[in-house]
Amino acid sequence: MDLNKYKNLTRGISDTYVNVHPIQRGGVLTAEARKALLEFGDGYSVCDYCFESRVDLVDKPPVHDFTGDVAEFLNMDDVRFTAGCRHAKWAVMHMVCEPGDTVVVDALAHYTSYLAAEANKLCIVEVPHNGYPMFEIDPQGYAVKFEEIEQKTGKLPSIAVLTHVDYRYGNIADAEKVGEICKEYGVPFLLNTAYSSGIMPVDGKKLHVDFLCGSGHKSWAASAPIGILATTYEWSTRVFNKSTCRGDWSGRGFSKKEVALFGCSPVFGAPVATLMASFPAVVERVKHWDKEVRNAQYFVNELEKIEGFHQMGVKPKQHPLMNFESLPLHEIAEKDKRRGYFLYHELKKRKIVGLHPGMSKNFKINTYGLKHEQIEYVANAFKDIARENGIKVEE
Ligand SMILES: *Cc1c(COP(=O)(O)O)cnc(C)c1O
């Protein structure tokens, strides 16, 4: 066993690089979070003054207040911190559904939505999207599936899941409409905001959401792993149900511990501290969402000046996560001995990282939080690479 490889761990990307990695932009730590990371890096560091047996009730540091403030920020009633958005989804399904029940998901859902359903032994029914090139989810598809399921099984699905912003095309789904439909049918509504809450305004009540799941490391400038699970008063006791078991020999019980949170919460030190330390900046940054959308639209406009480059998904772009079809690049990559890695290497030469190595037919990029000059720089790099390889670029 060679233990030396664990020494001096580095990522190989310094501040001189522009990182456009699709999943990494919203999780870049704030300066405040970096400081908190050092202060609270030790294991159970937020548990010094735990008197109520749960992290969300600790007053020093102010996790208890923070839980309430996050609920207010999302316009929900109650919040807990989870091991990630995926754990939040698992927890909701675990507490609300029975094995054999049906869950309805959008066909652009993240794999963790499918696996949360699978782990809870639920049947999965998808609401289709309209395919190339828009990949839109029609909210009415939820009503159609609810009716079909009721006819087939004699009861409505026990939960409906919508991906607010999907990870493939960065489309923003009409959550309010889906929420209205769920309400009309009385189907509980889980909104997956991994790519929305923390970077753009999200109002749970306005969208008729029963359960809102978010990702701290994807969109709230926090260290991994941490997720957010918010719910309403109506569902709070059910989802955050407390333990009732007893040791048959010792008689021990754990009546303050919440079952789906593994007792207290699976997150204690750095993840909670960084999420908290970044929160003031997160509250502020969602107010400037319009600037992020403008930057994204600017970037799309520049890249579409390259022959054969087309933004996939809904237009005009409403979110900084985007997907481009780039067939001419693919033809070049086919001939290049670096194959699909050609684009990755050409960008890296220009100090741009984050493109999936090996992709050239299609690629995803995220401009969230980049300065306008950085976005301009990345767009120019793509144009240079195109010109150098004989692809036409509109002036
Ligand atoms: C990234 C992502 C997730 C996973 O989030 P974790 O916090 O890492 O569990 C879930 N759903 C969607 C739509 C995502 O994009």
Side-chain angles (χ1 to χ4, degrees), residues 19-29 33 70 74 79-94 103-120 124 126-127 129 135-137 159-175 178 189-200 202 207 209 211-230 260-262 265-268 270-272 274-275 278 282 296 312-314 318-323 354 356 364-369:
N19 184 3
V20 293
H21 199 296
I23 67 174
Q24 293 180 359
R25 294 298 321 155
V28 174
L29 295 188
V70 171
L74 296 169
V79 161
R80 295 292 184 276
F81 304 111
T82 63
C85 182
R86 62 195 73 203
H87 170 215
K89 290 186 284 187
W90 172 87
V92 171
M93 292 181 198
H94 193 68
V103 49
V104 174
V105 304
D106 58 286
L108 292 173
H110 195 251
Y111 73 89
T112 55
S113 296
Y114 293 81
L115 269 70
E118 185 177 10
N120 284 300
I124 300 164
E126 294 177 317
V127 173
H129 56 68
F135 304 96
E136 280 171 299
I137 300 287
I159 202 160
V161 180
L162 176 69
T163 314
H164 194 196
V165 174
D166 75 88
Y167 71 100
R168 287 168 76 179
Y169 306 101
N171 284 344
I172 303 182
D174 189 346
V178 174
F189 179 35
L190 187 164
L191 186 65
N192 178 1
T193 69
Y195 261 121
S196 58
S197 66
I199 60 169
M200 63 182 262
V202 176
L207 305 177
V209 171
F211 315 103
L212 190 152
C213 300
S215 177
H217 45 271
K218 188 178 265 159
S219 295
W220 294 62
S223 290
I226 192 161
I228 294 112
L229 168 51
L261 279 299
F262 310 134
S265 143
V267 278
F268 312 96
V272 176
T274 52
L275 187 73
S278 283
V282 164
M312 297 289 100
V314 174
Q318 299 297 319
H319 189 281
L321 171 67
M322 44 192 128
N323 181 320
H356 193 74
K364 292 202 291 185
I365 222 169
N366 192 340
T367 57
Y368 182 75

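Read the numbers this way: they start at 1 and go in the same order the structure lists the ligands and their atoms. The figures here come from the full heavy-atom set of this structure, side chains too, leaving out hydrogens, waters and symmetry mates.
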Within this structure, what is the CG-CG distance for the pair N171 and L108, rounded to the nearest 0.5 Å? 7.0 Å
Which ligand 1 atoms does H217 reach within 4.0 Å, using its non-hydrogen atoms? 6 (P), 7 (O), 8 (O)
Against heavy atoms of Y167, which atoms of ligand 1 measure under 4.0 Å? 15 (O)
Could an N or O of ligand 1 be found under 3.5 Å from any N or O of N192, whether backbone or side chain? yes
Side chain, backbone, both or neither: R86 near ligand 1, heavy atoms under 4.0 Å: both
Near T163, which atoms of ligand 1 are under 4.0 Å from a heavy atom of that residue? 13 (C)
How far does NE2 of H110 sit from CZ of R86, to the nearest 0.5 angstrom? 6.0 Å
To the nearest 0.5 Å, what is the distance between SG (C213) and NZ (K89)? 7.0 Å
Can you list the atoms of ligand 1 that are under 4.0 Å from a heavy atom of K89? 10 (C), 11 (N)
To the nearest 0.5 Å, how far apart are CG in D106 and NE2 in H129? 9.5 Å
Among protein heavy atoms, which sits nearest to atom 4 (C) of ligand 1, and what does the distance come to when rounded to 0.1 Å? H110 CE1, 3.6 Å
Using a 4.5 Å cut-off on heavy atoms from C-beta on, say whether the side chain of Q24 contacts that of N366. no
State yes or no: are the ring centers of H87 and F262 separated by less than 6.0 Å? yes
All heavy atoms of W220 vs all of S278, minimum pair found to be O-CB, 3.7 Å
Would a 4.5 Å heavy-atom cut-off, applied to side chains only, mark T367 and M322 as touching? yes
Proximity to ligand 1 by part of C85, non-hydrogen separation under 4.0 Å: both
Using a 4.0 Å cutoff against the non-hydrogen atoms of G84, which atoms of ligand 1 qualify? 7 (O), 9 (O)
Would you check the N or O atoms of H87, main chain and side chain alike, for any that come under 3.5 Å of an N or O of ligand 1? no
Going by distance only, is there an N or O of Y195 that falls short of 3.5 Å from an N or O of ligand 1? no
To the nearest 0.5 angstrom, please state how far the NE2 atom of H164 sits from the CG atom of N192. 10.0 Å
Ligand 1 contacted by H164 (non-hydrogen, < 4.0 Å): no
Nearest non-hydrogen protein atom, atom 1 (C) of ligand 1: K218 NZ, 1.4 Å
